[in-house]
Every structure is written in structure tokens, then in C-alpha cells.
> 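One structure is given below, represented as C-alpha cells, and several questions about it will come after.
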Amino acid sequence: MKRFISLLLVMLLAFSLAACNSNDVTENKDSEKNEENTELEEKIVVYSTHPEDLLEYVSGKFEEKTGVKVEFINLRGELADRVRAEKENPQSDVMFGGASSLFIDMKKDDLFEKYVPAWSNDIKDIFKDEEGYWTGTIQTPVMLFYNNEMLSEKEAPKDWSDLANPKYKNNVLSRNSLSSSARATIASLLYQYYKDDNMEEGWNFINEFDDNVKGYYGSGSLQFQAIGRKEGAVSFSVLNSIIDNKEKNNLPLSIVDAKSGSPVITDAVAVIKGAKHMNAAKAFVDFVGSPEIQAELANKFNRLPTHPKAIENGKAWMKEAEYKVMDVDWSVVSKKESEWIQKWASEIEAE
Amino acid sequence: MDRVIRYFKNDILKHIIYIGVFWILIGFVLYPAFNTFLSSLKSQDGLTLKYYKDFFSNKNNITVVVNTIKLGLATVLVCGVIGTGLAFYVNYFDFKYNNIINKLLLTPIMIPGVIIVIAFIQLYGESGLITSTIELLFNLDKHPYSFKGFYGILFIHAYTQYVYFYLNVSVSIGYIDYSTIEAAKNLGASKLKIFTSVILPTITPALATSSILTFMSGIGSFSAPNLLGHNYKVLSTQILLAKTNNYMEIASVQVMILLFTGLVFLTLLRHYERSTKIEMSVKGKAIRPVKIKDPKKRKIYMALAGFVILTIILPILTIFLLSFVKPGTWMINIYPKEFGFDNYMKIFTKSRVFAPFKNSISMSLWATFFSLVLGVPCAYIINKTKFKAKGILELLVILPWAMPASTIAINMINGFNKPNIFVGNNILVGTYILLPLAYFVGIIPLMVKTTGVSLNNLNNTLIDASKTLGASWKNTFKKIIIPIISPGIIAGAVLGFIRCVGEYTTSALLYGVANKPISIAMVNALYEFEIGLSMAYGVLIIVITSILASLMMKLRR
């Protein structure tokens with residue numbers, strides 16, 4: 001027993017020393033800075049929804065250019081909650097990624113610092129906040145797709161309304177209501193009925209869609225694996241995931257340019273209010289939305305830029321813009337999304 | 001005179017311990033939970049029960065509650081049968097390979113839940129390895145079974161949680177008094193009679209403890225319902241949904257219902273446990289493993305056990321196998337064909353790769369250490385003293401059980417995102433220590449309970465004797481109590497440590513840039529369509545926990 005306890009203590013000591021000396025050292029220095037100073041701090045903390053290799057790439061480039069060390073974590077669905085929870089004592093400086101509907105919502109909670117980067121002048125108004133609290137760096141379309149070894153182009157769905165067509169019964173796979181892309185898609189589809197003041201029909205559509213769904217997946221990997229193994233033919237996902245799985249995992253997928261258009265989520269960036277490394281945070285926003293970096297993310301990670309110059313320098317399919325955009329008013333969706341998704345998830349999906 | 005001073009000193013020490021224990025429990029368990037309770041009642045015009053009324057007026061919500069309870073009870077039943085059966089198999093009967101089997105049987109607990117669920121889907125899912133093999137072998141044109149919903153989740157719960165029964169019952173089998181069995185035999189008692197009146201009472205505390213543990217993890221589990229439930233909804237997934245939708249009141253109501261369900265079950269079992277409590281005799285004689293002599297019986301027994309053990313190691317083998325599958329070669333094919341070290345290469349060439357390993361181990365050690373410091377005195381006070389407030393203490397100690405991992409995390413955020421008097425007016429959100437503290441809260445009941453199982457088997461006569469002979473409270477604890485209960489303590493510490501190393505749900509809500517744990521790295525890979533890579537992380541977790549756990553176990557004696 002004694003040996004057990006002493007082993008525990010020794011390991012504790014060893015690992016704590018190893019883990020601790022890298023942190024906390026910079027904290028004190030940074031808090032001493034005064035407001036006027038424009039000098040960049042030693043590090044910044046980025047909360048993100050983007051995958052790690054993308055973040056690693058961007059951070060590497062930013063460190064190279066400015067010497068500011070970037071610490072990041074990918075929080076996905078927890079991102080908004082986390083920023084809200086830390087409002088009293090913000091731990092992050094920049095929120096990088098997340099749908100614009102989320103940013104609209106969070107701006108109301110007074111979580112962001114107003115900052116207008118130079119590059120935002122060149123992008124379309126739909127990609128940024130009119131008051132300058134957030135700016136879009138990436139367009140993320142959600143597209144219908146199918147396994148082309150199971151369906152011919154003729155048999156394949158042509159539009160979102162086909163998801164409710166009985167001929168695809170038990171052949172549709174969907175992410176569940178915790179997935180941000182599924183949430184944005186269902187809300188966008190419902191919005192089409194909402195703007196015509198026809199919600200009843202909207203819920204009918206969702207019910208019929210639900211009848212066709214074979215499974216609701218809690219993970220994108222499992223969703224794509226199921227499509228690859230022909231458990232179901234039709235699904236929808238963000239464009240870069242579809243392309244990733246076509247290219248990296250060799251799945252036989254075809255993308256549908258839906259007749260009524262595809263919802264396009266704007267992935268934005270914003271400076272956190274009360275950020276401890278304010279100057280570096282602003283420099284990071286300047287950097288990450290610049291046409292050069294947007295173009296690099298386009299070519300390396302299949303991310304569709306918001307900046308026209310970056311689109312020019314991106315991949316061929318980005319220039320052609322071969323898909324139609326669904327008419328969605330994201331400020332309305334951001335108000336209604338929670339209510340709709342809660343209903344979808346607890347009343348329809350559950351049956 | 002000397003004795004008076006010593007007695008006085010002991011008394012002070014005792015009070016310091018009492019105060020310290022309550023300080024920690026109130027600060028880290030009760031106060032954060034109370035905050036959540038308040039938010040389920042708070043509205044713009046004062047306190048209200050409106051959210052509860054709204055919740056129960058919707059029949060879908062009632063279905064969710066019923067689903068959750070059903071799942072919890074079924075989990076206890078299935079795990080109880082499997083875990084207890086295996087414990088007797090290994091400890092009561094004498095077979096050659098018992099030692100290895102014992103180690104194998106403990107492995108499921110070393111694997112983080114998410115990874116197990118994925119491994120199961122790869123085996124038993126619609127196009128899983130086993131499912132497809134059965135279809136091929138028997139030439140079926142329909143899927144033989146559907147690994148989804150209630151039964152899918154239950155299967156996984158059975159697999160991941162029988163270990164609690166197995167471990168606790170194993171420990172308590174060690175306390176079965178063989179001399180009593182012999183005596184009973186000599187007096188002509190039937191086998192059934194011996195079982196019900198000698199063996200069963202000895203293992204009852206273990207059964208009760210394990211039932212509580214499995215029930216709580218059954219109703220609180222998240223990964224399995226999220227990945228397999230499809231339309232079988234339970235409270236834990238609905239809580240996250242409400243939270244994602246920023247409906248904090250609904251989430252708080254759901255958390256409270258879950259907590260209440262847990263408390264009811266706990267109270268019932270405690271009641272049962274008390275009514276069957278027996279005192280161990282002083283001169284215990286450990287049982288000797290029994291040899292089954294009839295060769296036919298022996299074969300049947302071995303075949304049965306072989307099947308169970310195969311089922312148990314299959315998912316682990318799958319994880320190892322899949323970690324070697326070349327990326328991008330296997331999302332379409334059912335049987336992997338190309339293998340290589342690509343996934344491991346990727347882990348070790350990635351920058352910032354070692355930090356998660358280091359973080360996970362050091363945070364888990366901290367949590368285990370805290371839980372020892374708090375748990376052992378608590379277990380002693382609860383089980384062996386006549387302390388007046390011990391009912392309250394007991395409630396505080398087991399409260400974290402009634403909280404699923406995500407609830408603990410939410411409570412920690414609510415409790416520590418403003419200056420908090422219990423931690424010297426500091427804000428802990430965003431600091432390194434918050435996550436280890438959350439781990440610690442999660443394993444308090446485990447630690448107290450496993451220590452308690454041993455304490456229940458400790459005879460009061462020994463303590464009284466020690467006291468009568470003039471040994472101090474401290475000395476009695478050190479010389480008599482600790483040695484006897486140390487198997488339970490070590491089992492608890494190892495279990496707790498293992499639970500923390502692969503913990504995902506709390507980590508996802510609380511980790512920061514300074515302490516990203518390995519489970520997060522693993523799940524991130526999963527989100528980026530690299531199942532093989534996440535399996536490789538899983539293998540590394542299994543290897544690390546096995547090494548550390550066996551190291552700790554070695555020092556048991």
C-alpha cells in the first residue's frame with residue numbers, strides 16, 4: 001500500500017512538472033499591457049470549429065509571419081456554449097468558424113468586439129455583419145449527394161423535396177439533430193415554408209422526410225461509411241466533406257445541384273469581447289481572411305472562399321460556382337432555428 | 001496526562017477532517033448542482049415550476065424519461081448476470097488460465113466509450129464484419145439482426161459495464177468465510193441453502209454497489225445512444241440538444257429529472273443493502289477455488305466461458321486490427337485488405353502530439369489523488385463511525401453518481417465561472433485544474449463505494465480491540481484499517497484512474513488550450529473521417545492504461 005501511494009505521488013509530480021512549465025508563464029506579462037499599445041502580444045488563443053490540420057496550417061503560417069504563438073482548440077458544437085460560459089473571464093481571443101446564424105445570435109449576447117478587417121471591404125454584404133462584429137471567411141454549402149453505384153443520375157434526387165418522395169423510402173441517411181450542418185439544412189428547408197407562411201406543409205414535409213430516413217447518424221464518419229457500404233444511397237453534407245470522402249476515401253459519390261438551390265452557411269471569424277490579447281487577435285483576423293490565406297485554404301482544404309480574389313486563385317470548381325444558392329435569410333433562421341430543431345428532434349425524429 | 005493530550009490531538013484532527021471533507025463536498029458537488037437546480041426554477045418573475053409543467057405536458061418527453069429508466073434497469077440486469085457469473089467462474093472454480101482470463105475480463109473498462117461504440121458498429125452494424133460474415137456463411141438475403149436502438153445500446157452497456165459487477169463481486173468473494181461453508185455442510189445444509197445464507201449475504205454489498213454504478217452509467221451514458229440510438233431517445237442526448245438550442249431551462253429540468261431518478265434508485269438500494277447487512281466473523285478462512293471433476297461438465301463450462309471471453313476480446317482485437325488499416329482503403333470494403341503503420345506514423349509525426357498523452361495522464365493522476373484524499377476518510381466515517389451528520393455526508397458523496405458526465409461539467413462551469421469562495425475567490429473556468437477537478441467529482445462515489453465494500457467486511461471487533469489496547473484513532477486507521485481495506489482502495493483508485501484517462505464527455509465541455517486530453521484528439525480524428533487514426537489513438541490509450549494499471553496492481557501487496 002505504501003509503495004502504491006508513493007508511486008502515485010511520484011508519477012503525479014513527474015507529469016505535473018512536465019505539463020505545467022509550458023503554460024502560465026506568459027500570463028502575467030500580457031495583463032500588464034496598456035490600452036494604447038499596439039504591440040502584438042506573445043500568444044493568442046483561438047476557439048474554432050475547423051479541423052485540426054487546417055488550424056495547424058493556419059497557426060503555423062501566422063506564427064511564421066508575426067511571431068505570435070497560436071494556441072487553438074476545435075470545440076465544434078460546444079463552441080458557442082463555451083464562449084458564453086467564459087463571458088465573465090474570457091479565455092479566448094478569437095472565435096474562428098461557426099455558422100453566421102450562430103454569430104448573429106451571439107452578437108446579441110454582447111460577446112464580440114467590433115472589428116472591421118481591411119479585406120472585408122471586398123466581400124459581399126451577405127458574408128459580413130453590417131456593424132462589423134463578425135466577418136465571413138469561408139462559404140460552406142450543404143449539398144445533396146448519392147452513391148452513384150446504387151442510383152443512376154436519372155434515378156437520383158433532383159431537389160430537396162425529393163427527400164420526402166416515397167421512392168427513396170429507407171434509402172435516405174441523415175446526420176442527427178446535434179450536427180450543425182443538419183441543423184442549418186433542416187432550418188433552411190423549413191424557412192422556405194415559413195416565408196410563405198405555410199409552416200403546416202413544412203412540417204408535413206419534414207414528417208415525410210423522416211419516414212424515408214433509414215438512420216440518423218451521430219458522426220460524419222459513420223454516415224459516409226454507411227453510404228460507401230451501400231446501406232443507403234441518398235444523403236446530404238457540407239461540400240468539403242463530400243469532396244474529402246471522394247478524394248481521400250475513394251467513395252463513389254455524385255453531388256446534386258438541387259433545383260431550389262443549396263443552403264450556403266457562412267463560416268465567420270470574430271474578436272472576443274474582453275480578449276486578453278487584443279492586438280494579436282485583430283492581427284489574426286486580418287491574416288486569416290486575407291485573400292492569400294483564403295486561397296491557400298481553398299486549394300489545400302477545399303474551403304470555398306468569400307473573397308473574390310481568393311476564388312479566382314482557388315480550385316477550378318470554385319470559379320465555375322456550379323451550384324445554385326438557396327434563398328435563406330439567416331437572421332430569421334437564427335431566431336427560429338432552436339425552436340424548429342427542438343421540435344424536429346424531440347417530436348419527429350424520435351418516432 | 002499523555003493520553004489526554006493525545007486524545008485531544010486526535011479530536012482536533014478528527015474535526016479538521018470532518019470540516020475539510022464537508023468543505024470539499026459542498027464546494028465541488030453540492031454548490032454547483034444547486035446552481036443548476038436554481039436555473040430550472042428561475043424565470044423573469046421569480047421562481048416557478050412552469051418549466052416542469054411544460055416538460056411533463058408533452059408526451060414525447062415522458063417517452064424519453066421512460067426510455068431512460070427502462071435502459072437503466074435493463075443495464076443493471078444484464079450486467080449483473082454477466083459480471084457476477086464471470087466473477088464466480090474466475091474466483092470460485094479452479095482453472096488453469098484464470099490469471100490471464102482475469103486480466104482480459106478487465107480490459108473493456110480501459111477503452112473509452114466512444115471507441116468501443118465505433119468498434120461495435122464495425123463488428124455488428126448493418127455492414128459490420130460479423131454481420132456480413134454471418135450473411136455470407138448462411139447465404140442470407142436479409143440482415144440477421146438490427147444493431148440499433150434499445151437493444152444495440154443495451155448490448156454495448158452490457159459490454160462496458162459488467163466490469164463493475166465483476167470487479168466488486170470478485171473482491172467480495174475473497175471475503176466469503178470458508179469455515180462457515182464447511183460448518184453448514186457438516187450440518188447438512190443443501191447447496192442452495194449455503195448459497196442463499198452464506199454466499200449471497202457476503203456479496204450483497206458488492207451487488208448493491210455495482211447495481212447503483214451500472215444504473216447510473218446506464219441512464220447517463222451518452223456515446224452509445226448518440227451513435228446507435230437513432231430514434232431511441234434518452235435524457236442524456238436530449239440534454240445536449242436543449243443545450244445546443246440554448247434552452248438552458250429545459251436542459252436544467254432534464255438534468256434534475258435525471259438526478260431525481262438516480263436518487264430514487266439509490267435510496268431503494270441503500271434500503272435493501274441495510275436490511276441485509278451482516279457482520280463478518282473475525283477468524284475468516286478464505287475459500288479455496290473448487291475443481292470441477294466431472295470432465296463433461298468441465299467441457300461445457302469451458303466452452304461457455306470461452307464464448308463469453310471471445311465476445312469480450314473481439315472488439316479489442318477489432319480496434320487493434322483497424323488501427324493498422326491503410327487510410328482511405330476501407331470506407332467501401334467490408335473486410336480490410338491493406339495494412340500499414342500509416343495511422344501511427346501520422347500520430348507521431350504530427351506536431352503538438354505528445355501534449356495530449358501527457359495531459360491525460362497527469363490530470364487523471366491528480367483526480368485519483370484527490371479522490372484518495374477525500375474518499376478514504378469519507379468511506380470510513382460513513383461505514384464505521386457514529387458521526388451524527390453521516391447521512392448527509394453519504395448523500396453528498398453519492399450525489400455525483402446521479403449526475404451524468406455532462407451534468408458534472410455543466411455544474412462545474414456554473415459554479416466556477418465567477419469568483420467562488422470555496423476556492424479562495426478564484427475563477428476556475430479556463431484554468432488547467434478545472435478538468436481534473438471535474439474528473440475527481442465524477443469518481444468520488446466510485447472511490448468511496450469500493451473502499452466501503454472492503455470496510456463492510458472489516459470487523460468492528462478488531463477496531464475495538466485496537467482502541468481498547470490504547471492505540472490512537474490515527475494508529476488504528478494506519479495499522480489496522482488501511483491494510484485490510486487496501487485491496488478495495490487500490491481497486492477503486494485504479495478504476496478511477498482508468499475512467500479518467502479515456503474520459504470524453506466531461507473533457508469535451510471543459511478542456512482548454514492548456515490541457516487537451518487524448519480522448520479529444522481521438523474523437524477529432526473520427527470527425528475528420530479517419531476511423532483508422534482514431535483507432536490508433538484508442539490502441540495507445542489501451543496500452544498506456546494497461547501499463548499504468550498493472551503497475552499499480554503489482555504494488556498491491
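Given the structure is predicted, the values throughout are model-derived calculations rather than measurements. To find a chain, count down the sequence lines: A is the first, B the second, and so on, and within it residues start at 1.
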> Can you tell which part of B:Glu530 gets under 4.5 Å to a heavy atom of chain A, answering side chain, backbone, both or neither?
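Contact with chain A: backbone only.
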> Is chain A contacted by the side chain of B:Asn67, its backbone, both, or neither, given a heavy-atom distance below 4.5 Å?
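Neither; nothing under 4.5 Å.
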> Please classify the contact between A:Asn250 and chain B as side chain, backbone, both or neither, with a heavy-atom cut-off of under 4.5 Å.
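Contact with chain B involves both backbone and side-chain atoms of A:Asn250.
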> Give a yes or no on whether the backbone of A:Asn302 and the side-chain of A:Asn240 come within a donor-acceptor separation of less than 3.5 Å.
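It does not hold such a pair.
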> Given that the side chain runs from C-beta out, which part of A:Arg82 has a heavy atom under 4.5 Å from chain B: side chain, backbone, both or neither?
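Answer is side chain: those atoms of A:Arg82 sit under 4.5 Å from chain B.
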> Would you indicate whether B:Lys479, at its atom NZ, is surrounded by more than 12 heavy atoms from other residues, nucleotides or ligands within a distance under 6.0 Å?
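Not buried by this count: 12 neighbours or fewer within 6.0 Å.
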> For A:Glu339, is it the side chain, the backbone, both or neither that has a heavy atom under 4.5 Å from a heavy atom of chain B?
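Both backbone and side chain.
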> Checking side-chain contact (heavy atoms from CB on, under 4.5 Å) for the pair A:Ser237/A:Arg175: CA distance, chi angles, key distance, verdict?
CA-CA 8 Å; A:Ser237 175; A:Arg175 286 292 304 278; over 6 Å; no
> Quick one, B:Phe222 and B:Thr237 - any side-chain contact, counting heavy atoms below 4.5 Å?
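They are in side-chain contact.
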> For A:Lys230, which atoms come within 4.5 Å of any heavy atom of chain B: side chain, backbone, both, or neither?
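The answer is neither part of A:Lys230.
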> With a 4.5 angstrom heavy-atom cut-off, is it the side chain or the backbone of B:Ile413 that approaches chain A, or both, or neither?
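Looking at B:Ile413, just its side chain touches chain A.
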> Give, as side chain, backbone, both or neither, the part of A:Ser241 having an atom under 4.5 angstrom from any heavy atom of chain B.
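For A:Ser241, backbone and side chain are both near chain B.
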> Return the option, out of B:Ile334, B:Leu241, B:Ile427, with the maximum number of heavy-atom pairs under 4.5 Å with chain A.
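Ranked by heavy-atom pairs under 4.5 Å with chain A, first place is B:Leu241.
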> Do NZ/NE/NH1/NH2 and the carboxylate oxygens of B:Lys516 and A:Glu52 come within less than 4.0 Å?
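A:Glu52 and B:Lys516: salt-bridged.
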> Count the heavy-atom pairs under 4.5 Å between each of B:Thr244, B:Leu227, B:Asn524 and chain A, then report the option with the highest count.
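Top option by heavy-atom pairs under 4.5 Å: B:Asn524.
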> Aromatic ring centroids of A:Phe96 and A:Tyr47 under 6.0 Å?
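Between A:Tyr47 and A:Phe96, which both carry aromatic rings, the centre distance is not below 6.0 Å.
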> Relative to each other, are the rings of A:Trp344 and A:Tyr216 parallel, tilted or perpendicular (30° and 60° limits)?
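Perpendicular.
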> Using side-chain heavy atoms (C-beta onward) and a distance below 4.5 Å, is A:Arg229 in contact with B:Glu126?
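Answer no - side chains too far apart.
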> Please rank A:Val45, A:Asp53, A:Leu251, A:Ile227 by heavy-atom pairs under 4.5 Å with chain B and give me the top one.
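Among the listed options, the one with the most contacts to chain B is A:Leu251.
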> Using non-hydrogen atoms and a 4.5 Å limit, figure out which bit of A:Asn245 sits close to chain B: side chain, backbone, both or neither.
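For A:Asn245, side-chain heavy atoms alone lie under 4.5 Å from chain B.
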> Count the heavy-atom pairs under 4.5 Å between each of B:Ile121, B:Leu510, B:Ile520 and chain A, then report the option with the highest count.
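Among B:Ile121, B:Leu510, B:Ile520, the one with the most close pairs to chain A is B:Leu510.
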> So for B:Ile118, is it side chain, backbone, both, or neither that comes closer than 4.5 Å to the heavy atoms of chain A?
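Looking at B:Ile118, just its side chain touches chain A.
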> Under 4.5 Å heavy-atom distance to chain A, tell me which part of B:Lys243 shows up: side chain, backbone, both or neither.
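Contact with chain A: backbone and side chain both.
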> Check each atom of B:Tyr247 against the heavy atoms of chain A and say whether the ones under 4.5 Å are side chain, backbone, both or neither.
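Interface part for B:Tyr247: side chain.
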> Would you say the rings of A:His50 and A:Phe72 are close, in the sense that their centroids are separated by under 6.0 Å?
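For A:Phe72 and A:His50, the ring centres are not under 6.0 Å apart.
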> Select, from A:Asp244, A:Ile341, A:Leu178, the one with the greatest count of heavy-atom pairs under 4.5 Å involving chain B.
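Highest number of pairs under 4.5 Å: A:Leu178.
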> Before you tell me yes or no, could you show the steps for B:Asn515 and B:Met363 under side-chain contact (heavy atoms from CB on, under 4.5 Å), namely the whole-Å CA-CA distance, both residues' side-chain angles and the distance that decides it to 0.1 Å?
CA-CA 8 Å; B:Asn515 61 1; B:Met363 287 191 293; 3.7 Å; yes
